*Asks:* 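Quick one: this structure, given as structure tokens, is what I'll be asking you about.
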Amino acid sequence: MVYKKRKIKVFKPKKKKESIDVVIGKLKESYEQIDPNTIEKFEDFPLSAPTLKGLKENKYFVPTEIQRESIGYSLRGEDILGAAKTGSGKTLAFLIPVLEILYCNKWNRTEGLAALIITPTRELAYQIFETLRKIGIHHDFSAGLIIGGKDLKFERKRLDQCNIMICTPGRLLQHMDENPLFDCSNMLVLVLDEADRCLDMGFQQTMNSIIENLPPERQTLLFSATQTKSVKDLIRLSLSNPHSISVHEESEHSTPSGLVQSYMVCELHDKMSLLWSFIKNHLHHKVLVFMSSCKQVKYFYEILCKLRPGTSLLALYGTMHQTKRMAVYESFSRKQRSVLFATDIAARGLDFPAVNWVVQLDCPENANEYIHRAGRTARFQKSGESLLVLLPSELAILEQLKNKKIPISEIKVNPNKLTSIQRTLEATLAKDHILKESAQRAFVSYIKSVFLMKDKSVFDVSALDTDSFASSLGLAIPPRVRFLQKWKKAKEAQKKEKDTIAQTVVENLNEKLNKSSDSEISDDEPDTNLNHQYKSSVKDSYIFHNDENSEDENDDLFTVKRKDHTIPETEDFDDEVELSTDILNKKKKKPLTKAAVAKKMIKKQIKPNQKTVFDETGEAVLDKAKTKVSQMAREYENSSDKGGIDIEQAKQMLREEDVYDKQLFREKVKAKHREEKRKAKEEAKRAEMEDTSSSDEASVDLSWLPDPDKVYGKQESGDSEDNFDSNSASESEVDDSSNIHRPPKRKLLTNKSNSKKRMKIDEDLDEPIDTGLSLMEDEELVLKMLDK
Ligand SMILES: Nc1ncnc2c1ncn2[C@@H]1O[C@H](COP(=O)(O)OP(=O)(O)OP(=O)(O)O)[C@@H](O)[C@H]1O
């Protein structure tokens with residue numbers, strides 16, 4: 001027998017999909033075992049499948065150092081103080097944990113805000129938002145970008161639907177204050193990117209108000225290339241025991257290894273030519289040029305665009321319109337070669353791809369700012385170059401850079417390669433007055449920026465050769481910088497004062513010594529007295545100068561954007577620093593409160609909500625309805641006590657006034673009725689006239705003709721006045737005594753009834769009236785009657 005081989009089908013049971021709770025449970029369990037040293041790929045982290053998929057799709061396979069070191073702690077729910085060099089991947093170091101925290105808490109769209117990411121600039125917020133969109137694409141969370149310059153109403157409506165919010169401090173606070181839909185009570189995690197900047201004095205008040213609104217029970221992640229170590233900052237954020245991760249602390253340099261850094265000493269009036277020459281020599285590069293103020297960026301951009309250097313030019317600064325800012329940001333990101341002029345809004349966090357050069361045309365505020373600016377190139381294992389342009393008076397910053405472990409070497413300008421464009425600029429400005437004004441503004445704003453810099457060891461406004469600087473910008477006449485003139489004057493006066501006081505003190509001292517030697521009395525006392533006198537006179541004169549200076553001060557140029565530019569007070573009275581503090585304080589505008597407005601109104605005796613109408617002669621017309629009549633109300637109005645309202649008194653006053661109001665109302669109603677009656681009468685008269693004239697014109701109205709029967713003795717008793725029905729003709733009124741017929745009184749009361757009546761009469765007239773006389777006699781009678 002042959003047996004056929006039979007196929008046996010084996011049914012493999014399908015692998016059961018793990019429930020989300022099991023997955024989350026497993027992930028959470030693995031958090032404790034994360035060891036940064038064993039992590040080689042992102043897959044080695046216990047991350048959710050959607051996150052891993054998002055990372056893979058965007059070609060992020062291997063974590064960077066800061067990512068490897070910090071993600072584990074963040075997943076465990078610890079507060080983090082993360083610091084790593086620029087371009088080392090700090091963004092993913094906080095975005096990955098944010099996604100995982102939401103995932104493991106099974107957060108869904110309806111649950112509102114879970115993570116708040118705060119950054120100092122709009123462009124950086126946008127960049128983080130874009131990165132989040134890419135790596136979080138397989139998650140089901142909603143993210144919102146809340147930055148200034150965008151549609152506030154739109155943001156307002158969508159705010160309650162955001163799970164992850166990326167925002168700038170100012171706009172966030174605006175929503176917190178104004179938007180009832182903003183609710184962060186369930187928030188899980190707060191991230192501050194560029195934390196030191198977010199927490200510095202420029203954002204101090206805003207951030208304090210934001211932090212006050214956040215729930216204290218939350219995880220906080222702080223990241224920056226120049227991390228804050230200030231205990232004060234940590235206390236402000238209620239961080240008790242944060243985990244500090246500073247991955248490059250031990251490294252030789254604090255800047256990326258691929259960054260070649262150099263500086264160049266250049267006179268202020270040569271800067272423009274230097275920039276022009278640099279651009280002309282790097283036409284095939286992507287260059288980012290930093291300047292210290294918006295107005296400078298604007299002018300340099302405008303004028304160099306006119307001169308057409310042969311590469312595309314762009315400008316990015318804070319006062320630009322938001323849409324334009326975004327367009328510039330995207331355009332520079334896309335471009336392979338271009339020159340972008342920017343203020344410090346582009347200094348932090350921005351990840352423009354493949355920037356070859358960063359030129360700091362104006363000296364940065366401090367070493368930290370230098371690191372951030374220079375860090376726009378040589379990002380994530382790439383190379384780049386940085387050039388710092390220093391005035392001879394600014395060389396002191398090199399010491400600070402050295403202390404921050406920044407390797408920087410000097411290079412010299414090749415004079416053969418330096419092309420002066422001063423003549424071209426002068427000619428261009430002579431033709432274009434808008435550009436000239438722009439140049440003037442740039443000039444003033446640069447001087448102002450130097451004046452306001454905190455570090456006086458680096459920034460010395462008196463060392464600036466302003467005249468030649470103005471010429472270098474193309475300005476034939478240097479603009480007047482009033483604040484500088486005043487400041488210089490005050491300084492000189494102060495110096496003089498000091499000299500004279502010192503001289504007086506010396507003279508006094510000599511005098512006393514002479515006297516004492518004469519009288520052979522040795523005394524220590526005069527010294528202290530003199531000292532006291534000296535001190536007090538110096539103090540008095542100093543105060544006097546400050547006051548004088550501040551009184552004169554009305555220059556509107558002093559607006560400090562970075563509030564940490566308050567200048568420290570020193571006891572050394574010849575320092576300009578105190579003066580500038582005073583000037584700055586003077587510029588602080590008092591906020592206009594409601595109480596202040598009310599006080600002003602009382603002082604000027606302005607009555608609110610009052611409208612006075614004047615007639616043609618200029619006399620005020622009293623509105624009866626609004627004028628108080630009762631004695632009590634008048635007294636109440638004139639009472640000098642304006643501090644609030646006495647409700648009881650006000651009620652009583654209203655009751656009193658009510659009597660007059662009612663009376664006024666009754667009078668008004670009566671007048672109205674009278675007017676209506678008058679109109680009706682006029683109407684009636686007019687109608688009567690019309691009726692008479694129309695009947696005269698058309699056929700003769702014979703309705704008033706007496707009933708011949710009555711006239712001729714067949715009278716019936718009856719006094720009906722207006723009965724005009726078919727029988728009524730016989731009932732018209734007749735003067736008995738004279739036998740003269742008069743038409744009925746109310747015959748023409750209304751047109752309508754009149755026309756009806758006339759129709760009836762017409763009908764009656766159609767029937768021949770039998771007078772019992774011959775036709776001739778009838779006619780005679782009629783004529784007689786008509787005659788009468
Ligand atoms: N794991 C990674 N693998 C590959 N590329 C990465 C990785 N992490 C980050 N990058 C890339 O490195 C670049 C710099 O990253 P990121 O902007 O996060 O740096 P940063 O440390 O925040 O810099 P900065 O201090 O200037 O803000 C980005 O282009 C980013 O895409």
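In this text the structure is predicted, and so the values were computed from the model without any measurement. In each ligand, atom 1 is the first atom listed, and ligand 1 is the first ligand listed.
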*Asks:* Do Glu100 and Thr51 get their side chains close enough for a donor-acceptor pair, meaning under 3.5 Å?
*Replies:*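 Side-chain D/A pair, Glu100 to Thr51: present.
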
*Asks:* Using a strict cut-off of 4.0 Å, indicate which atoms of ligand 1 neighbour a heavy atom of Leu92.
*Replies:* 8 (N)

*Asks:* Is the shortest distance from a Lys or Arg side-chain nitrogen in Asp193 or Lys90 to a carboxylate oxygen in the other one below 4.0 Å?
*Replies:*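 No.
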
*Asks:* Say whether Gln127, considering both its backbone and side-chain N or O atoms, lies within less than 3.5 Å of an N or O atom on ligand 1.
*Replies:*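 It does not: no N or O of Gln127 is found under 3.5 Å from an N or O of ligand 1.
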
*Asks:* Give the atom numbers and elements of ligand 1 that come within less than 4.0 Å of a heavy atom of Ser88.
*Replies:*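 Counting atoms of ligand 1 from 1, those under 4.0 Å from Ser88 are 19 (O), 20 (P), 21 (O).
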
*Asks:* Do any N/O atoms on Glu194 end up under 3.5 angstrom from N/O atoms on ligand 1?
*Replies:*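 Such a contact does occur with ligand 1.
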
*Asks:* Just to be sure I read this right, does ligand 1 sit under 4.0 Å from the backbone of His372, its side chain, both, or neither, counting only heavy atoms?
*Replies:* neither

*Asks:* Report, in ascending order of atom number, the atoms of ligand 1 lying under 4.0 Å from any heavy atom of Phe42.
*Replies:*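 Ligand 1 atoms under the 4.0 Å threshold to Phe42: 1 (N).
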
*Asks:* Indicate whether any N or O donor in one side chain lies under 3.5 Å from an N or O acceptor in the other, for Asp455 and Gln400.
*Replies:* yes

*Asks:* Please confirm whether Arg348 comes under 4.0 Å of ligand 1, counting heavy atoms of the residue only.
*Replies:* no

*Asks:* Return a yes/no value for Phe61: is any of its N or O atoms, backbone included, closer than 3.5 angstrom to an N or O of ligand 1?
*Replies:* no

*Asks:* Under 4.0 Å from a heavy atom of Lys85: give me the atoms of ligand 1 that qualify, with their elements.
*Replies:* 21 (O)

*Asks:* Return yes when Ala84 approaches ligand 1 closer than 4.0 angstrom through a heavy atom, no otherwise.
*Replies:* no

*Asks:* Just jot down the ligand 1 atoms closer than 4.0 angstrom to any heavy atom of Gln67, in number order.
*Replies:* 1 (N), 7 (C), 8 (N), 9 (C)

*Asks:* Does the separation of the ring centres of His175 and Phe182 fall below 6.0 angstrom?
*Replies:*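 Ring-ring flag for His175/Phe182: false, centres at least 6.0 Å apart.
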
*Asks:* Apply side chain to side chain contact (heavy atoms under 4.5 Å, CB included) to Gln174 and Leu152, showing your working.
*Replies:* CA-CA 10 Å; Gln174 194 178 359; Leu152 189 70; 3.6 Å; yes

*Asks:* Taking distance alone, with no angle check, do Pro63 and ligand 1 share an N/O pair under 3.5 Å?
*Replies:* no

*Asks:* Heavy atoms only: which of Ile66, Val62, Asp351 lies closest to atom 1 (N) of ligand 1?
*Replies:* Val62

*Asks:* What atoms in ligand 1 come closer than 4.0 Å to a heavy atom of Thr91?
*Replies:*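 Answer, ordered by atom number: 16 (P), 17 (O), 18 (O), 22 (O).
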
*Asks:* Between Phe451 and Lys456, is there a cation-pi geometry (under 6.0 Å to ring centre, at most 45° from the normal)?
*Replies:* yes

*Asks:* Does the ring of Tyr73 carry Arg76 above it, NZ/CZ under 6.0 angstrom from centre and within 45° of its axis?
*Replies:* yes

*Asks:* Short N/O distance, under 3.5 Å, between Thr86 and ligand 1?
*Replies:* no

